[in-house]
Amino acid sequence: MIRLYDTLRREIRPLAMRDEGKLSLYACGPTVYDHPHLGHARQALTYDVIRRYVEWTGIDVHHVANVTDIDDNIIDRANREGSTEPEVAATWEAVYDTAMDALDILRPHDRPHATEYVEQMVAFIETLVGNGSAYVTYSGVYLRVHAVDDYGALVHRSVDELREGAGARIEVDDTKEDPLDFALWKAAKPDEPTWPSPWGPGRPGWHIECVTMSLDVLGDGFDLHGGGSDLVFPHHTNERAEAIAAGRDFARHWMHNAMLNIGGEKMSKSLGNFTTIQDLLDEHPLNGRALRLLLLQTHYRKTMEINPDVMAKARAGIERFDAMARKAAAAGVSITGAEPDAAAVDAFRAAMDDDLGTPEAVATIFETVRRANAALDDRDEAAAGLVATVFDLAGALGIRVGDRGADDAPDDDDDAGIDALVAARTAAREAKDFAEADRLRDELTARGILVEDTPDGPIWRRR
RNA sequence: GCGCCGGUGCCCGAGCGGCCCAAGGGAACGGCCUGCAAAGCCGUACAGUCGCGGGUUCAAAUCCCGCCCGGCGCUCCA
């Protein structure tokens, strides 16, 4: 049984499932109008890992993530580029998908789009207006926050405390009864796309889409809702308020991943200190896998720093996995049918079940790598089981081992030339002409190729 | 200001009352292996104050109080 920290109750508790053997998970997805950055990667990866792990334990997961394809930023961009909102959204959703694919992040099972749900959102808002928890002004429809008893529960703040902050930081809109009240529906403004509604043309507010879509796709009382910690307030607080005000049973468990820091500050769009996923990927072929390893080596609820130094170290970790895979392959060890190491698997599960303890889980895998290498060196028959364990556990976290295929663009012509050089070097070594052998190795090194001599013959790879 | 989270070796980062004179990764050093390497394995040095000061306890990195420092939220934000 997995235990997870619940943001609402502020404690680690069992992740109960509404339907036995099936986990319903909703993670807030991207607003598509620009390059996704490393912070988006951490968010998506957190939920990718919980999904992969839960599936690995034999439980079905229904993973849903929305795509926000209409909002202020999209409208701005469309207006600036003389484009249209659907075009902007489609363009950047594709970019987002490419980046996530490159990070081995599985696509959610369902990806509802806000613009496909406007009618349902309108119906939802009608319910809220109908039962008196929302009101209509000339600028839109607003949720009456004091209609919700424990409004600030998720952020652990009283309505008064929140209002104090709001009064100081937000421009008070005199059409609202309370500064904390927030828009469910925004009345049409010039140069904006609109949809019809009982309150006139306009567009939905930010939070209403997630409530409507999560409840529609997963149903009332779904298991787990997550997102970045910066969404706790106002986004998730407001989603929850909408559901409660509508008398719906919302998420039973809330989880939030921590932020990424760069130079001691939160990586964010507004600060402009972000690295895009694509830029990181372009820097080094191993970066995709290295980023996953790096992120997994820190607990998801802990703020972490990301910089070139820690990326390089993570790459070294990936190389360690790959080296074991090469060694196993060279020794002809087959993992099919091999019995995994029970102690390692147990330790791995114990770590993961305790609030997604990926740092410890990764430590267990590295420990198994060391044992596997030792067994391989000793030609010990236990090697196959240990290697199989590494592949199995790494797979449960989405870490590809030994597969550089997707990282290196294959180049058959080039490969033939390299093979020839390696063969020439082997011949020189057999003739004890070590000067020539070393010269050939230097030549290969100059081409970015690393040659390793093993008892089973030389192998080479790009670095 | 209010709320939340964190400060652990050279670096990153687990641990959260006894199994900790503190996991794992990276870097360093020594040995084995190698023609030499690389990779791997074995070993060593780093945490003698686990931010600082009190307290609780037979026992604290782990609990409580105060302080210092950093981050996040209170605004679009993953």
Side-chain angles (χ1 to χ4, degrees), chain A residues 7 10 27-31 36-47 71-73 76 152 155-158 160-171 206 226-235 237 256-261 264-271 274 293-294 297-299 301-307 309-320 322-324 326-327 330 347 351 357-367 369-378 429 432-435 437-438 441 445 450-455 458-461 463:
Chain A
T7 310
R10 293 189 184 269
C28 282
T31 300
H37 61 68
L38 267 22
H40 297 96
R42 187 180 200 185
Q43 188 274 141
L45 193 125
T46 300
Y47 302 97
D71 97 315
D72 291 349
N73 293 306
D76 283 351
V155 254
H156 215 57
R157 313 228 56 196
S158 71
D160 286 341
E161 287 169 325
L162 286 167
R163 190 174 290 129
E164 211 172 294
R169 307 289 291 260
I170 302 175
E171 302 166 44
W206 177 27
S229 63
D230 53 356
L231 295 184
V232 174
F233 187 90
H235 187 50
T237 292
H256 293 90
N257 58 279
M259 299 291 101
L260 236 40
N261 274 184
E265 272 185 318
K266 174 185 167 184
M267 176 179 292
S268 73
K269 299 289 282 185
S270 42
L271 258 31
F274 58 89
L293 179 62
L294 176 63
Q297 282 183 303
T298 301
H299 188 84
R301 284 195 286 118
K302 185 172 179 178
T303 304
M304 69 178 288
E305 181 76 22
I306 194 151
N307 56 49
D309 178 51
V310 296
M311 280 305 301
K313 287 169 180 169
R315 264 182 254 128
I318 290 292
E319 299 265 28
R320 189 165 160 72
D322 288 355
M324 182 213 69
R326 283 197 308 276
K327 188 190 275 274
T358 57
E360 275 188 281
V362 170
T364 298
I365 302 176
F366 274 117
E367 195 112 32
V369 167
R370 196 197 43 139
R371 292 206 287 144
N373 279 323
L376 251 12
D377 283 346
D378 295 346
R429 290 184 67 222
K432 303 271 187 228
D433 184 356
F434 296 122
D438 287 347
R441 182 165 60 198
T445 302
L450 191 71
V451 193
E452 291 180 10
D453 297 319
T454 77
I459 51 182
W460 62 266
R461 64 194 158 103
R463 10 185 1 158

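Order of the sequence lines fixes the chain letters, A, B, ..., with proteins taken first and strands second; residue numbering starts at 1 for each chain.
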Undergrad: Find the distance between NZ (A:Lys266) and CG (A:Asp230) and round it off to the nearest 0.5 Å.
TA: 4.0 Å
Undergrad: Base, sugar-phosphate, or nothing for A:Ala258, non-hydrogen atoms under 4.0 angstrom?
TA: base
Undergrad: If I take atom NZ in residue A:Lys432 and atom C1' in nucleotide B:U34, what distance separates them, rounded to the nearest angstrom?
TA: 12 Å
Undergrad: Across the strands shown, which category fits A:Asn73 at heavy-atom distances under 4.0 angstrom: base, sugar-phosphate, nothing?
TA: sugar-phosphate
Undergrad: So what does A:Asp453 hit on the nucleic acid, given a heavy-atom distance under 4.0 Å: a base, only sugar-phosphate, or nothing?
TA: base
Undergrad: In Å and rounded to the nearest 0.5 Å, what is the CE to NE2 distance from A:Met267 to A:His37?
TA: 7.0 Å
Undergrad: What's the spacing between A:His40 NE2 and A:Thr31 OG1 if we round to 0.5 Å?
TA: 7.5 Å
Undergrad: For the base of B:C4, is there a side-chain donor-acceptor partner from A:Arg10 under 3.5 Å away?
TA: no
Undergrad: Using heavy atoms to find the nearest nucleotide of RNA chain B for A:His235 and A:Ser229 separately, return the residue whose nucleotide is more 5′.
TA: A:Ser229
Undergrad: Assuming nearest nucleotide by heavy-atom distance, tell me which of A:Asp438 and A:Leu38 is located more 5' along RNA chain B.
TA: A:Asp438
Undergrad: Checking contacts here: which listed nucleotide (B:G3, B:G25, B:C72) is nearest the side-chain heavy atoms of A:Met259?
TA: B:C72
Undergrad: For A:Met311, enumerate each residue passing the side chain to side chain contact (heavy atoms under 4.5 Å, CB included) test, keeping only those at least two apart in sequence or located in another chain.
TA: A:Leu280, A:Asn287, A:Ala290, A:Leu291, A:Leu294, A:Ile306, A:Arg315
Undergrad: Where do A:Arg370 and A:Arg320 land on the side chain to side chain contact (heavy atoms under 4.5 Å, CB included) test, with the steps shown first?
TA: CA-CA 9 Å; A:Arg370 196 197 43 139; A:Arg320 189 165 160 72; 3.8 Å; yes
Undergrad: Taking only the C1' atom of each, what is the distance from B:C33 to B:G26 in whole angstrom?
TA: 23 Å
Undergrad: Quick one: are A:Thr454 and A:Lys327 in side-chain contact, heavy atoms under 4.5 Å?
TA: no
Undergrad: Using whole Å, report how far NZ of A:Lys266 lies from P of B:G71.
TA: 13 Å
Undergrad: What integer distance in Å separates A:Phe233:CZ from B:C5:P?
TA: 18 Å
Undergrad: Side chain of A:Arg429: nearest nucleotide among B:C72, B:C36, B:C74?
TA: B:C36
Undergrad: A:Asp76: which residues meet the side chain to side chain contact (heavy atoms under 4.5 Å, CB included) condition with it, sequence neighbours left out?
TA: A:Arg80
Undergrad: With rounding to the closest Å, how many angstrom separate the P atoms on B:G15 and B:G54?
TA: 28 Å
Undergrad: By the 4.0 Å heavy-atom rule, please label A:Leu260 as base, sugar-phosphate, or nothing.
TA: base
Undergrad: Give, for atom CE of A:Met304 and atom CG of A:Asn257, the distance between the pair rounded to the nearest 0.5 Å.
TA: 12.0 Å
Undergrad: Roughly how many Å is it from CD in A:Glu161 to C1' in B:C2, rounded to a whole number?
TA: 7 Å
Undergrad: A:Ile459 CD1 to B:A37 C1': how many Å, rounded?
TA: 14 Å
Undergrad: Quick one: A:Arg301 CZ to B:C4 P, roughly how many Å, whole number?
TA: 15 Å
Undergrad: Let me check I have this right: for RNA chain B, each base becomes ., (, ), [, ] or |, based on Watson-Crick or G-U pairs with both distances under 3.5 Å. What is the full string?
TA: ((((((((.[[[..)..(.....]]].(((((.......)))))......[[[[[..)....]]]]])))))))....
Undergrad: Ring pair (Phe, Tyr, Trp, His ring centres under 6.0 Å) with A:Phe233: which residues, sequence neighbours excluded?
TA: none
Undergrad: Which heavy atom of A:Lys302 sits nearest to which heavy atom of A:Ala258, and what is that distance?
TA: C-CB, 3.4 Å
Undergrad: I'd like the P distance from B:A27 over to B:C11, given in whole Å.
TA: 16 Å
Undergrad: Would you measure the distance from the C1' atom in B:C64 across to the matching atom in B:G25 and give it in whole Å?
TA: 35 Å
Undergrad: Quick one: CG on A:Leu293 to CD1 on A:Ile318, what's the gap to the nearest 0.5 Å?
TA: 4.5 Å
Undergrad: Look at the side chain of A:Asp76 against the base of B:C76 and say whether a donor-acceptor pair falls under 3.5 Å; ignore hydrogens and angles.
TA: no
Undergrad: Rounded to the nearest Å, what distance is computed from the CG atom of residue A:Asp433 to the P atom of nucleotide B:C36?
TA: 16 Å
Undergrad: Considering only B:C36, B:C72, B:G3, which nucleotide approaches the side chain of A:Arg441 most closely?
TA: B:C36
Undergrad: What I want to find out is whether A:Arg326 reaches A:Asp322 closely enough, with some N-O distance under 4.0 Å, to be called a salt bridge.
TA: no
Undergrad: Expressed as a whole number of Å, how far does the P atom of B:C10 sit from that of B:C72?
TA: 27 Å
Undergrad: What distance, rounded to whole Å, do you find between the two P atoms, one in B:A60 and one in B:A45?
TA: 26 Å
Undergrad: B:G70 and B:A28: how far apart are their P atoms, nearest whole angstrom?
TA: 33 Å
Undergrad: Classify every nucleotide of nucleotides 39-45 of chain B by which part a protein heavy atom approaches to under 4.0 Å, writing B for the base, S for the sugar-phosphate alone and - for neither, in 5'-to-3' order.
TA: SSSS---
Undergrad: Roughly how far apart, to the nearest Å, are B:A22 and B:C67 at atom P?
TA: 33 Å
Undergrad: Using a 4.0 Å heavy-atom cut-off to protein, can you give one letter per nucleotide of nucleotides 10-21 of chain B, 5' to 3': B if the base is in contact, S if only the sugar-phosphate is, - if neither?
TA: -BSSSS------
Undergrad: Mind checking A:Gly228 for me? I need base, sugar-phosphate or nothing, with any heavy atom below 4.0 Å counting as a touch.
TA: sugar-phosphate
Undergrad: Would you confirm whether A:Asn373, through its side chain, and A:Leu376, through its main-chain N or O, come within 3.5 Å as a donor-acceptor pair?
TA: no
Undergrad: Can you identify which nucleotide, out of B:C72, B:G26, B:C76, has its nearest atom closest to the A:Ala316 side chain?
TA: B:G26
Undergrad: With heavy atoms under 4.0 Å as the rule, sort A:Phe434 into base, sugar-phosphate or nothing.
TA: base
Undergrad: For residues A:Arg461 and A:Glu452, report the shortest heavy-atom separation together with the two atoms involved.
TA: NH2-OE2, 3.0 Å
Undergrad: Can you tell me how far P of B:C72 sits from CE of A:Met267, to the nearest Å?
TA: 12 Å
